[in-house]
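First the structure, in the form of structure tokens, and then the observations on it.
Note that the structure is a prediction, hence the values are computed from the model and not measured. Per chain, numbering begins at 1; letters A, B, ... match sequence-line order. Both backbone and side-chain heavy atoms feed into the values below; hydrogens, waters and symmetry mates do not.
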Amino acid sequence: MKRETGQVMLEIRGLHASVEGNEILKGVDLTVHVGEVHAIMGPNGSGKSTLAQVLAGHPAYQVTAGTARYLGTDLLGLKPEERAREGVFLAFQYPVAIRGITNSYFLRSAVNALRKHQGLPELDPLDFLQVLEEKLKAIGWDDTMLNRAVNEGFSGGEKKRNEILQLAVLEPTLAILDETDSGLDIDALKTVADAVNKLRRPDRSFVIVTHYQRLLNYIIPDHVHVLVGGRIVKSGGKALALELEEKGYDWVKPEGAGAAT
Amino acid sequence: MTAHFVDQYKAFAANGGGGAPAWLRDLREGAIARFAAAGFPSTRQEQWRFTNVRPVAETPFTLSGGRWDLGRVPAGALVTTLGEALHRWPDLVRAHLGRYASVDANPFTALATAFLAEGVFVHIPARTVIAEPIALTYRPPSPPPAPSGGGRPMTHPRVLVVLEREAQAKLVESYEGEPHGVSLTNAVTEIVLGDAARLDHCRVQREGEQGYHFATTQSHQARDSRLVFTTIALGSGLSRHDINGVLDGTGAYLILNGLSVLAGSQHVDHHTTIDHAQPHCESHEYFNGVFDGASRGVFNGRIIVRPGAQRTDSKQTNNNLLLSDGARADSQPQLEIYADDVKCTHGSTVGPLDQTALFYLRSRGLGLAAARGLLTYGFGAEILDRVAIPGTRERLDHLVRTRLGVGDEIGRAA
């Protein structure tokens, strides 16, 4: 699919979503162009993580109204694996441990699933190791996590790093980072942010979901949106994040519905 | 039907019981008396609550003989039949045989000891290191084709493994059976490790799915010894395996791994007891079960820390994956701690494939079938990865894949 700067990558219109009968998203509108970095901020329970999960296709969430188009196709009509193969990636807030499966095998399986979809030959373990080393070098990391079971016994920081490693290896077109900064100390945060910055490209877009402005000191967004009560109530440039940090979320709340741009 | 088994014993004893020495005949007499007094256990007994042995008790089994294949014996190791060992090394055998597996703890152990005749003796002399794995394979006799009048065979294979001080060995003990027909295998293995001895021991049970498999593995460890025991249960219709380890010297180390992969109407019951009798010992227990169809798994993990066994470090984990609504698993930890300076942890899970994990894998591009296969295989691989016997992990990997219906394309990086 052709991707040029200025082209719309993700277009969300009037998105409503529920989990177990509770409506969490109540009409989200968001447009992300190719190459842009968007930050979604908001208080706890505002629906930030729900939005990320819905975009990745988590089966526990029901979309009850609205649309989400990704590079012109109906994203919501695709299965989670189809979205991944089309280039959508979600860095999980709570990465899942997979017992008995090494990280390197897991990564190779994922890469080969994408390659198969692209009509490319699958990589054998040796070829894959070479690819992996290049990707690691690109973000300046070592390979200490590769021979351990996926996220099994990983520290909070290691789990988040592992998500970014997957991002680097899978090379998505649209990367959604769900609270990647939560639980990280300042050194780990810098390490992760530094890697993400190295992965920024003119033809790749990021949606960064975060509760705190802290991460945005290191990953500078093009646009900042405030999600409150399942709607985007305010949008602005990177300065908005600083304003939120200073004043908290309360001052944007009263504007409520209708403030979305 | 206890009487039938006692009658079988009388006939066996009257035939001379294989020309056994007096002490062995006494051992058998004591064991059959114990069995006759206890009878077959009932589900009203706590230790047998989930496993009903009535089908075994009510089958008029006929004492039979199976076949041991001792493979290639590595230089430096003594691997021979119990019969020959009794003849050539009577004192050595007498010093250990039947000394560890108590006939009081389990009526099946008593029954097996009453019929003690066929078996294998493995002896590794002090300071001898055997790198090549020792392979013992047992095959019960083929059951007669049903519904012929012939009795259904029962056998009581016995294994005695003795590693003298600072000896090292690797051992694979396999039980393989016919895919069809009813038979009873009632096995007892005793493992004795001297000071600083090291044994990697893997036990594989893949008998026919109409068969009954009962077993006791009893280990006894002296100071600074190390035992890694892994049991893989794939076969048998109804199986019960008691694994009892006694850490009887300071610094002893025991790793107990188990993997059960069952389907259909199979039933497996693992009762493990780790007895920390001395201070500064460490035990780690990891049991995984994968249950499909209407199969059922029982795990009871008992850990005893004796008075004075300070600085005990014990960890127990039991995870059960239910692949169908009809499958069931019961997990019971049982901690009895009589010392105060100890570290004991345990945890267990029972449930279907984790939906969040499935979504995680799918969100990385894996299809639903591949994601399910990978998660299921991981349950088995987690245990198989702990098998450090050359060639054995690969063989087991193939068996487990076949059992799980997971193709070669799903697995781990080379």
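Using a 4.5 Å cut-off between heavy atoms, A:Q166 touches chain B through its side chain atoms alone. For A:R99, the parts lying near chain B are the backbone and the side chain together; criterion is any non-hydrogen pair under 4.5 Å. Interface residue A:A56: backbone and side-chain heavy atoms are both found under 4.5 Å from chain B. Using a 4.5 Å cut-off between heavy atoms, A:D124 makes no contact with chain B at all. Contact of A:V111 with chain B is not made at all, since no heavy-atom distance falls under 4.5 Å.
The choice from B:L361, B:L375, B:N288 that makes the most heavy-atom pairs within less than 4.5 Å of chain A is B:L361.
Other residues, nucleotides and ligands contribute more than 12 heavy atoms inside 6.0 Å of the CZ atom of A:R148.
Close placement of the B:F287 and B:H270 rings is indicated, their centers lying within 6.0 Å of each other. Taking the six-membered ring wherever Trp is involved, the centroid distance between the rings of B:H241 and B:H271 does not fall below 6.0 Å.
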Check: Could you go step by step and tell me if A:H211 and A:S182 meet the side-chain hydrogen bond (donor to acceptor under 3.5 Å, both in side chains) rule?
Finding: CA-CA 8 Å; A:H211 185 80; A:S182 67; over 6 Å; no

Next item on the list: Tell me, with the steps shown, if B:V350 and B:F299 meet side-chain contact (heavy atoms from CB on, under 4.5 Å).
Entry: CA-CA 11 Å; B:V350 178; B:F299 174 81; over 6 Å; no

